[in-house]
Amino acid sequence: MNAITVKNLKKVYRTHKRGKGMWNAVVSLFNRKYENKHALKGVSFEVEEGEVLGLIGPNGAGKSTTIKALSGILHPTSGDVKVIGYVPWKDRVKYVKHLGVVLGQKEQLWWDLPAIDTFYMNREVYQIPNNKFKRRLNYMVKLLDVKEVINSPVRDLSLGERMKCKLIAALLHSPKVVFLDEPTIGLDIIARDRLRDFVKEVNQKEGTTFIVTTHDMQDIEKLCKRIVIINHGVIVYDGLLEKLKSTILNNKIIDVKFETKVKGFRLKGCKLLEKGDYNFVIEADTKVTKIKKVIDYLLLNYEVADINITDPPIEEIIQRIYKEKKKWVHT
Amino acid sequence: MGSYLALLKGGYKEALQYRFDFVVGLLRVPLTLIIFYFLWKAVFAFNGTDVINGYTFETMIGYYVLSMIVGMFTWMDVDNWLRWDVKSGEVVSEFMRPLNFVFQYLFRQWGMSTLSIFISLVPTFLIGYLFVGLMFFGWLNFVFFTISVVLAMFIVFLITMFIGLLAFWLTDISGLIKVKNMFIAFLSGSLVPLSFFPGIIQKVFAFLPFQYMRYVPVNIYLGIYSVNETLFHLGVMVLWVVVLYIFVHYQSKLALKKMSGVGI
């Protein structure tokens with residue numbers, strides 16, 4: 001069943017432009033030039049119940065705008081959104097009871113108070129039964145290892161500690177749908193790992209539907225089976241992460257080591273990325289030359305000591321999609 | 001209701017988070033009274049008369065004592081919170097709670113005010129009774145006064161909320177807040193009793209909500225109005241609360257639509 005349906009979502013912002021310098025600051029008081037910015041140009045996708053969807057794209061692609069429209073804090077210019085049966089920006093009060101949102105760039109907790117106060121406030125706001133609340137709080141505090149920090153004022157916490165506390169605050173009321181907007185931004189490796197494990201566990205244990213936006217491909221690889229890539233306000237890829245590699249990727253990276261000194265290498269469809277006296281790193285376009293042919297060629301002509309064939313890292317694939325404005329096939 | 005009380009508790013804790021600032025905040029009432037005391041002492045001495053515009057020195061200071069008491073209940077900071085919340089985009093937290101947007105600010109404000117009212121209220125009354133000859137004008141007036149203070153509190157809240165919500169359209173409203181504070185100080189009667197203004201201006205004031213923020217409640221306490229006049233004023237206050245609430249309610253809905261531009 002679909003938890004989220006987005007149909008042809010569009011959003012046009014109006015921003016005012018002004019030139020640099022003190023004179024233009026004065027000019028803009030009297031004469032303001034406005035410009036329309038098309039943040040979303042017709043976005044459609046669906047998310048199944050219990051799925052963890054990765055929403056990725058370069059800066060300014062429209063990820064956060066999408067999340068905001070889904071959270072009900074943004075009225076789109078046109079288009080339909082249904083999340084667990086609600087139109088987010090219409091039934092706000094009823095809808096947000098079932099929603100948890102973590103915005104990496106926003107504070108969300110009461111700045112001057114300890115996080116525990118925000119947690120207890122949420123207990124009352126969402127009217128969570130006391131014993132259930134305590135059980136859940138203890139469980140999450142343990143899982144994220146924040147026992148030591150929840151009693152200090154939020155302003156004294158580190159970025160990672162605050163993020164973990166925000167995640168707890170957003171999940172205390174057992175929401176059916178959770179949006180995480182750059183949840184690992186600025187966190188160290190250990191904190192990231194804990195956060196991901198936490199999300200994974202909540203998803204598996206409770207069947208919570210997640211949408212995660214991030215720039216960290218490890219988040220995606222660890223959490224999501226399916227991803228939606230958005231660029232310049234349109235969806236350029238919607239499908240399984242696994243398939244992303246095979247549909248878009250014809251390239252293999254071949255790392256070869258040799259017994260004897262080697263000079264050059266030339267073969268149709270192959271690019272020499274790195275060249276040493278005893279090793280090559282070759283990028284082979286398998287559409288032009290089959291991988292078997294490349295290997296055969298290498299074995300035949302060189303004293304090969306070792307061969308390692310890998311896919312280019314996911315970051316590179318994503319980079320390619322970002323740069324090429326082409327739409328990839330939906331799968 | 002329980003959900004909103006959570007915000008009240010939060011505001012209460014917030015108010016107490018910085019104890020030095022909290023204590024200094026408590027000094028606001030006595031300090032203002034001292035300033036007005038010496039100011040009017042000088043005015044009366046310069047004038048050489050015992051009565052100015054119907055006020056003796058004692059009744060004049062009594063006016064300010066009562067004005068400060070009304071002011072404790074009508075102290076509102078929600079415009080500043082909204083200014084900050086909208087500019088930083090943190091206002092999304094308010095929209096993410098399954099609660100009415102306007103009421104969240106009201107309850108947080110109540111939480112903020114509760115303790116300082118609790119601490120200052122009785123001492124201020126005592127200062128009035130013991131040192132400036134403030135009198136008790138009977139229970140009926142006192143009940144009317146209490147009702148008028150509650151209504152004044154709502155009027156000030158709603159106007160402050162109206163200014164605060166403008167942040168969604170104007171992004172920065174710090175200048176507007178200053179002007180609003182000046183207007184309220186002047187037009188509510190917290191600076192000078194409104195009877196000091198020319199008659200025609202007072203007639204204009206009758207059509208504005210400002211005089212109900214301080215001047216009218218104080219006069220109700222002092223028994224200046226007849227029972228009928230008092231009831232009329234209370235009725236007008238209720239009307240203002242209803243009108244302003246309807247206005248602010250729709251303004252907050254429009255604000256949510258407007259929010260899209262803040263912090264893409």
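The sequence lines fix the lettering, A, B, ..., with proteins before strands; numbering per chain opens at 1.
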Taking every non-hydrogen atom, the tightest pair across B:L99 and A:V93: O-CG2, 4.1 Å

B:S93, part contacting chain A, at a heavy-atom distance under 4.5 Å: side chain

Contact class of A:L109 relative to chain B, heavy atoms under 4.5 angstrom: neither

Residue selection (most heavy-atom pairs with chain B, distance under 4.5 Å) from A:Y120, A:W111, A:Y95, A:Y126: A:Y126

Check: B:K258 and A:H75 side chains under 4.5 Å, non-hydrogen atoms: no

Toward chain A, the part of B:Y4 with a non-hydrogen atom under 4.5 Å: neither

Shortest non-hydrogen contact between B:F95 and A:V96, atoms and distance: O-CG1, 4.0 Å

Contact origin within A:P153 toward chain B - heavy atom pairs under 4.5 Å: side chain

CG on A:D117 to NZ on B:K13, rounded to 0.5 Å: 3.0 Å

Main-chain N/O of B:R97 paired to A:R92 side chain as donor or acceptor, under 3.5 Å: yes

Residue part contacting chain A, namely of B:Q17, when any heavy atom lies under 4.5 Å: side chain

Interchain contact, A:Q127 with chain B, by part (heavy-atom threshold 4.5 Å): side chain

